[in-house]
Enquirer: 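Below you will find the structure I want to go over with you.
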Amino acid sequence: MSIMGRLLGSAVSRWGEDPWARGSWSLIGRHGTPQDRVTLGTPVGDRLRIAGEATHPTRAGMTHGAYEQGVAAAAWAADLGHRRVEVVGAGMAGLAAARALTQRGVDVRIWEARDRIGGRAAAAEVAGAAFDLGANWLQQYDDNVLARLAERLGLTTVVTDFRDPLVLGGEPIPHGLEEDLRERLAVAAPGASIADVLDRWLRDPAPWTPDEIRRFIDAEIVMDSGAPLSWLSARHGVEPGVGQGDRWIVGGYRLLTTHLAEGLDIRLNRPVRHLRVGPDGVLLTSGDDAMQVDAVIVTAPVPVLAAGVVTFEPPLPESHRTALSHLGAGRVEKVILRFDRRFWPEHGYYRVHGPADTCISEWLDATVADGVPTLVGLFAGPWLDTLWTGDDADIAARAAEVIRAAVNG
Ligand SMILES: Cc1cc2nc3c(=O)[nH]c(=O)nc-3n(C[C@H](O)[C@H](O)[C@H](O)COP(=O)(O)OP(=O)(O)OC[C@H]3O[C@@H](n4cnc5c(N)ncnc54)[C@H](O)[C@@H]3O)c2cc1C
């Protein structure tokens with residue numbers, strides 16, 4: 001038995017290069033505001049509506065926000081009297097929309113590009129148990145519709161205290177920095193980026209040291225966004241979410257998505273390429289299939305839409321295209337590592353800074369799932385470009401070295 005633990009199994013995410021995600025979750029760029037989310041989700045006439053996490057003005061980037069937007073889009077279509085509605089995407093928003101439409105007696109079908117449901121809520125089976133490679137926590141637990149569903153289903157959830165991570169190989173972040181940052185962001189000029197605010201702050205850092213400020217930005221912004229600080233909006237780029245009663249689901253989010261998908265007509269491996277909206281309905285095209293229906297709800301992620309993977313005829317209105325251009329997504333990747341023994345201190349959640357500024361990883365101890373020592377690592381920052389190369393086993397081995405080195409000090 002190795003003192004530093006032998007790997008029993010691993011899994012690695014690749015959200016950045018996944019053609020149906022192209023990033024992790026939506027964010028507001030320096031020229032955007034939350035209104036862009038509202039605009040993107042505003043129905044295009046009576047037959048087309050974009051839903052999904054990116055369209056939620058206050059719960060973006062989270063599964064329950066996606067779910068709520070799916071339900072809202074379903075109500076819109078049903079209230080208009082549409083009898084036959086197609087949904088693009090079997091992620092949380094698409095599943096919620098299809099379920100709500102079915103409950104209203106509407107004939108609905110989901111077209112999903114991948115060979116699985118769940119979208120960015122995706123599990124991997126590693127050494128005998130399933131863990132999440134995408135969405136991990138039920139955030140804002142007390143006010144989260146999916147948390148209520150998890151409770152009804154009798155799922156086991158475990159609290160994570162993001163406010164008290166064990167910082168491995170470094171000093172904890174001093175109190176007071178968060179308030180200082182929030183005040184600076186609130187008064188940032190429209191169009192300013194986080195990098196602009198940071199540059200100014202570092203020129204006059206007292207009472208903090210530049211290192212404390214940089215580490216705080218890495219922990220609070222780089223880790224929570226995975227986006228370049230020069231792109232992310234200072235005023236609107238830090239949105240609510242993490243640190244509001246988060247709990248993870250033992251067995252993973254798939255316990256929710258499989259439940260939501262029950263009884264739905266879902267076509268897998270069917271990427272939708274073209275939507276032609278006319279006065280009598282929408283013609284949806286996927287490969288050789290073409291379907292004329294009353295209305296379509298599109299839940300593809302922002303970067304997928306921005307890349308023109310789905311073409312619209314007529315094109316999306318200028319307002320929607322502008323909103324899309326103001327939004328984007330960062331890149332946070334995950335690794336699941338299962339070991340034959342625990343070599344890290346017992347704490348629950350860990351933060352590792354470095355090797356350079358704007359490179360950070362955080363780690364969840366998920367051993368409680370089945371007793372096998374398990375770490376779920378989240379990585380963000382430019383080092384992903386070098387860390388996330390080669391095959392999954394290479395990446396997992398590199399990630400394991402990061403946590404081993406941090407534990408060793
Ligand atoms: C690493 C990571 C960690 C996260 N952690 C959390 C967390 O802890 N808590 C939390 O609440 N949220 C978290 N999130 C965010 C959360 O996963 C998303 O907000 C949510 O799952 C989005 O749901 P959605 O339905 O809007 O989009 P998606 O889940 O992306 O679903 C869209 C679906 O559309 C499909 N699609 C795309 N294009 C087409 C096309 N042309 N034709 C047909 N189908 C198409 C996709 O394959 C996908 O299945 C995390 C995300 C990532 C990547």
Side-chain angles (χ1 to χ4, degrees), residues 12-16 18-27 41 50-56 59-70 73 86-98 110-122 132-141 144-147 160 162 223-226 241-242 244 246-249 252-253 256-257 260-261 266-275 284-287 296-305 307-312 329-336 362 364 376-380:
V12 167
S13 76
R14 292 177 182 268
W15 297 109
D18 182 327
W20 308 112
R22 296 174 182 240
S24 298
W25 52 83
S26 70
L27 300 162
I50 295 173
E53 55 87 4
T55 61
H56 203 298
R59 292 173 173 189
M62 296 181 283
T63 51
H64 57 301
Y67 183 97
E68 288 180 8
Q69 292 307 94
E86 308 290 286
V87 174
V88 180
M92 203 57 88
L95 294 172
I110 303 184
W111 299 70
E112 169 53 52
R114 293 186 176 103
D115 61 0
R116 61 166 181 82
I117 65 161
R120 284 170 280 166
D132 281 312
L133 272 180
N136 209 117
W137 287 271
L138 291 161
Q139 297 174 242
Q140 304 177 323
Y141 190 86
N144 180 326
V145 62
L146 293 173
T160 298
F162 284 105
M223 188 75 251
D224 286 356
S225 70
V242 180
Q244 297 176 10
D246 314 64
R247 298 191 194 188
W248 58 276
I249 307 166
Y253 256 97
L256 294 179
T257 52
L260 292 171
I266 303 174
R267 307 286 160 96
L268 299 177
N269 300 306
R270 298 291 181 88
V272 172
R273 298 293 184 188
H274 189 67
L275 294 170
L284 173 151
T285 311
S286 168
V296 174
I297 295 168
V298 179
T299 70
V302 155
V304 176
L305 291 172
V309 173
V310 186
T311 49
F312 296 89
R331 183 173 172 214
V332 174
E333 301 287 3
K334 287 175 71 177
V335 61
I336 297 156
E362 292 192 352
L364 168 72
V376 177
L378 292 90
F379 286 76

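Values in this document were obtained by computation on a predicted structure and should not be read as measured data. Atoms within each ligand, like the ligands themselves, are counted from 1 in listed order. FYI, the numbering just counts along the sequence from 1.
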Enquirer: Any nitrogen or oxygen of Glu53, side chain or backbone, less than 3.5 Å from one on ligand 1?
Expert: yes
Enquirer: Flag the pair Gln139 / His64 as yes when at least one side-chain heavy-atom distance between them is below 4.5 Å, and no otherwise.
Expert: yes
Enquirer: Looking at Arg270, which atoms of ligand 1 are within less than 4.0 Å of one of its heavy atoms?
Expert: 43 (C)
Enquirer: Return yes when Gly118 approaches ligand 1 closer than 4.0 angstrom through a heavy atom, no otherwise.
Expert: yes
Enquirer: Please work out which of Gly70, Gly89, Gly330 has its closest non-hydrogen atom nearest to atom 34 (O) of ligand 1.
Expert: Gly89
Enquirer: Would you mind listing which atoms of ligand 1 come within a distance below 4.0 Å of any non-hydrogen atom of Gly91?
Expert: 25 (O), 29 (O), 31 (O), 33 (C), 49 (O)
Enquirer: Ignoring hydrogens and angles, tell me if any N or O in the side chain of Ser13 forms a donor-acceptor pair with the backbone of Lys334 under 3.5 Å.
Expert: yes
Enquirer: Glu86: which residues meet the salt bridge (charged side-chain N to carboxylate O under 4.0 Å, His left out) condition with it, sequence neighbours left out?
Expert: Arg84, Arg109
Enquirer: Is any side-chain heavy atom of Arg273 closer than 4.5 Å to a side-chain heavy atom of Val309?
Expert: yes
Enquirer: So which heavy atom in the protein is nearest atom 25 (O) of ligand 1, and how far is it from that ligand atom?
Expert: Ala93 N, 2.9 Å
Enquirer: For Arg114, counting its heavy atoms only, list the atoms of ligand 1 lying under 4.0 Å from any of them.
Expert: 46 (C), 47 (O), 48 (C), 49 (O)
Enquirer: To which protein heavy atom is atom 32 (C) of ligand 1 closest, and what is the distance rounded to 0.1 Å?
Expert: Thr299 O, 3.4 Å
Enquirer: If you have a sec, work out which protein heavy atom is nearest atom 15 (C) of ligand 1 and how many Å separate them, to one decimal?
Expert: Gly61 O, 3.2 Å
Enquirer: Give a yes or no on whether the backbone of Val332 and the side-chain of Ser24 come within a donor-acceptor separation of less than 3.5 Å.
Expert: yes
Enquirer: Flag the pair Val12 / Glu333 as yes when at least one side-chain heavy-atom distance between them is below 4.5 Å, and no otherwise.
Expert: no
Enquirer: Looking at atom 5 (N) of ligand 1, what's its closest protein heavy atom, distance included?
Expert: Ala135 CA, 3.3 Å
Enquirer: Would you mind checking which non-hydrogen protein atom is closest to atom 45 (C) of ligand 1, with the distance to 0.1 Å?
Expert: Ala113 CB, 3.7 Å
Enquirer: Indicate yes or no for a side-chain donor-acceptor contact from Asp132 to the backbone of Tyr253 under 3.5 Å, with no hydrogens or angles considered.
Expert: yes
Enquirer: Which of the numbered atoms in ligand 1 are below 4.0 angstrom from a heavy atom of Trp15?
Expert: 1 (C), 53 (C)
Enquirer: For atom 47 (O) of ligand 1, what is the closest protein heavy atom, and at what distance to 0.1 Å?
Expert: Glu112 OE2, 2.5 Å
Enquirer: Does Arg120 have any salt bridge (charged side-chain N to carboxylate O under 4.0 Å, His left out) partners at least two apart in sequence or in another chain, and if so, which?
Expert: Glu53
Enquirer: For Leu305 and Phe312, run side chain to side chain contact (heavy atoms under 4.5 Å, CB included): C-alpha distance rounded to whole Å, both residues' side-chain angles, the deciding distance at 0.1 Å, then the answer.
Expert: CA-CA 10 Å; Leu305 291 172; Phe312 296 89; 4.2 Å; yes
Enquirer: Hey, is Ser13 one of the residues with a heavy atom under 4.0 angstrom from ligand 1?
Expert: no
Enquirer: Identify, for atom 27 (O) of ligand 1, the protein heavy atom at the shortest distance, and state residue, atom and that distance.
Expert: Arg120 NH2, 3.0 Å
Enquirer: Measuring only between side-chain heavy atoms, which start at C-beta, is Trp248 closer than 4.5 Å to Val376?
Expert: no
Enquirer: If we only count N/O pairs under 3.5 Å, is Val272 in contact with ligand 1?
Expert: yes
Enquirer: Starting from atom 51 (C) of ligand 1, what is the nearest protein heavy atom, named by residue and atom, and what distance separates them?
Expert: Trp25 CE3, 3.5 Å
Enquirer: Side chain, backbone, both or neither: which applies to Gln69 and ligand 1 if a contact is any heavy-atom pair less than 4.0 Å apart?
Expert: neither
Enquirer: If the contact criterion is a heavy-atom separation under 4.0 Å, does Pro271 count as touching ligand 1?
Expert: yes
Enquirer: Quick one, Leu146 and Met92 - any side-chain contact, counting heavy atoms below 4.5 Å?
Expert: yes
